[in-house]
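These numbers were taken from a predicted model, which means no experiment stands behind them.
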Amino acid sequence: MKRALSLLLVIALVLACGAGAILVTADGGIRDSDSGRGGGGRGGRGGSGGGSIYNGVVVANASFWKPVVSKIRKAAPGETVRVSAVTYKEMPEMVMAALRAFPNVSLEIRISGGRKIIIPAGGALERKGLQNSYSFSSLLEHYGTAASAAVTDAPAPVQPAKSSASPSGRGNGDTSSWSYARNGVLVPNASFWNPVVSKIRKAEPGETISISATTYKEMPEMVMAALRAFPDVSLEIRISGGRKIIIPAGGALERKGLQNSYSFSSLLEHYGAAAPASD
């Protein structure tokens with residue numbers, strides 16, 4: 001009897017090791033139960049892709065979606081992770097969980113027919129009950145028909161109409177400076193604001209980033225998202241008329257819906273009349 005039980009135990013251990021289970025935590029983290037050689041396939045192209053366990057349920061095509069979760073976790077605030085999933089029909093809950101855990105990251109999924117699904121930063125769906133996947137058709141329905149479009153490997157720069165606001169053409173406020181697609185929306189003057197986001201990310205706790213934006217009239221959401229991600233950093237924006245807007249550490253606004261910019265007038269109104277000041 002003991003010999004039979006021992007044999008059954010050995011068989012159970014062999015099967016467990018061969019399964020190569022991937023444990024996915026509620027915050028989108030992943031723990032491999034072995035070296036990752038089990039089950040898997042090379043890239044999960046429509047097959048089982050390696051068995052994974054998420055909240056007690058096996059996740060199909062995990063060898064494809066696991067790197068997506070990893071990219072989301074490693075992405076910088078404001079970054080968009082792009083994946084091609086043209087041979088799939090659904091996205092597992094573990095990916096949506098990662099987007100909820102990292103709300104400053106967006107996900108762009110290419111699907112069949114040259115279409116794409118864009119899940120914007122802060123726009124991840126809440127899990128309903130024991131839901132373990134989201135069909136691409138339901139995601140397209142939720143995120144709107146604008147999500148369906150032909151895509152390229154990288155957001156293509158566009159040249160908006162020129163403005164006489166700044167004839168220098170060096171990105172110091174002229175709307176002719178390059179803009180880039182972000183969360184499916186064009187961001188004006190991205191060549192000016194991208195370095196601001198970078199400075200916020202690199203700033204020391206308690207540091208104030210000071211910039212001059214006297215020829216601009218609004219600040220994009222990606223800057224506010226960076227301030228939310230680094231709440232120990234302040235931002236001082238000098239605007240026209242010798243005024244300035246101070247967004248204090250920990251005082252970044254929460255995004256409302258799919259808001260993509262903040263006018264300087266609204267920021268002045270929110271942060272008080274004390275903001276205007278001379279240099």
Side-chain angles (χ1 to χ4, degrees), residues 72 75-82 96 98-109 116-126 139-149 151 155 157-158 160 163 165 171 173 175 177-201 209 211 213 215-240 243-273 275:
I72 292 170
E79 186 176 344
T80 297
V81 174
R82 292 176 172 83
M96 196 69 81
L99 291 169
R100 289 195 298 269
F102 296 87
N104 294 319
V105 179
S106 304
L107 177 64
E108 179 183 297
I109 311 170
K116 65 179 177 180
I117 297 168
I118 297 176
I119 302 177
L125 298 176
E126 290 298 322
L139 292 177
L140 281 171
E141 182 178 354
H142 178 82
Y143 291 105
T145 55
S148 299
V151 295
V158 297
S163 167
T175 57
S177 64
W178 293 72
S179 301
Y180 300 87
R182 196 173 199 85
N183 299 340
V185 178
L186 290 177
V187 177
N189 304 300
S191 60
F192 173 82
W193 292 106
N194 280 334
V196 177
V197 172
S198 181
K199 288 180 180 179
I200 292 171
R201 292 179 56 214
I209 302 300
I211 63 170
T215 56
Y216 294 91
K217 294 183 178 180
E218 63 182 4
M219 180 187 79
E221 156 63 19
M222 66 180 183
V223 180
M224 195 68 81
L227 290 170
R228 289 195 297 269
F230 296 88
D232 294 326
V233 179
S234 303
L235 178 63
E236 178 183 294
I237 311 171
R238 301 179 190 180
I239 62 174
S240 61
R243 302 169 296 168
K244 65 180 177 179
I245 298 168
I246 298 177
I247 302 178
L253 298 176
E254 289 298 321
R255 188 181 190 188
K256 295 181 179 179
L258 297 179
Q259 182 176 11
N260 280 287
S261 65
Y262 304 81
S263 67
F264 286 169
S265 58
S266 68
L267 292 178
L268 281 171
E269 182 178 353
H270 178 83
Y271 291 105

Is there side-chain contact between S240 and F264, with at least one heavy-atom pair below 4.5 Å?
no
Report yes if the side chains of I118 and T80 come closer than 4.5 Å at any heavy-atom pair, otherwise no.
no
Look up atom [atom1] in [X] and atom [atom2] in [Y], then write down how far apart they are to the nearest 0.5 Å.
X    : Y    : atom1 : atom2 : result
L107 : R82  : CG    : CZ    : 10.0 Å
I245 : Y271 : CD1   : OH    : 9.5 Å
L267 : S265 : CG    : OG    : 8.0 Å
S261 : Y216 : OG    : OH    : 14.0 Å
L235 : F230 : CG    : CZ    : 14.0 Å
I247 : M219 : CD1   : CE    : 4.0 Å

Quick one: closest heavy-atom pair of [X] and [Y], and the distance?
X    : Y    : value
Y143 : A124 : OH-CA, 4.0 Å
A121 : S106 : N-OG, 2.9 Å
R201 : P77  : NE-CD, 3.8 Å
N104 : A229 : ND2-CB, 3.3 Å

Apply the side chain to side chain contact (heavy atoms under 4.5 Å, CB included) test between Y262 and each candidate in E218, M224, H270; give the one that qualifies.
M224
Side chain to side chain contact (heavy atoms under 4.5 Å, CB included) test vs L227 passes for just one of V197, I209, I200, namely I200
Side chain to side chain contact (heavy atoms under 4.5 Å, CB included) assessment of I239 paired with K217
CA-CA 8 Å; I239 62 174; K217 294 183 178 180; over 6 Å; no
Residues which pass side-chain hydrogen bond (donor to acceptor under 3.5 Å, both in side chains) with S198, listed by chain and number, not counting sequence neighbours
none
With sequence neighbours left out, what residues match Q259 under side-chain hydrogen bond (donor to acceptor under 3.5 Å, both in side chains)?
none
Side-chain ion pair, E221 and R228, N-O less than 4.0 Å:
yes
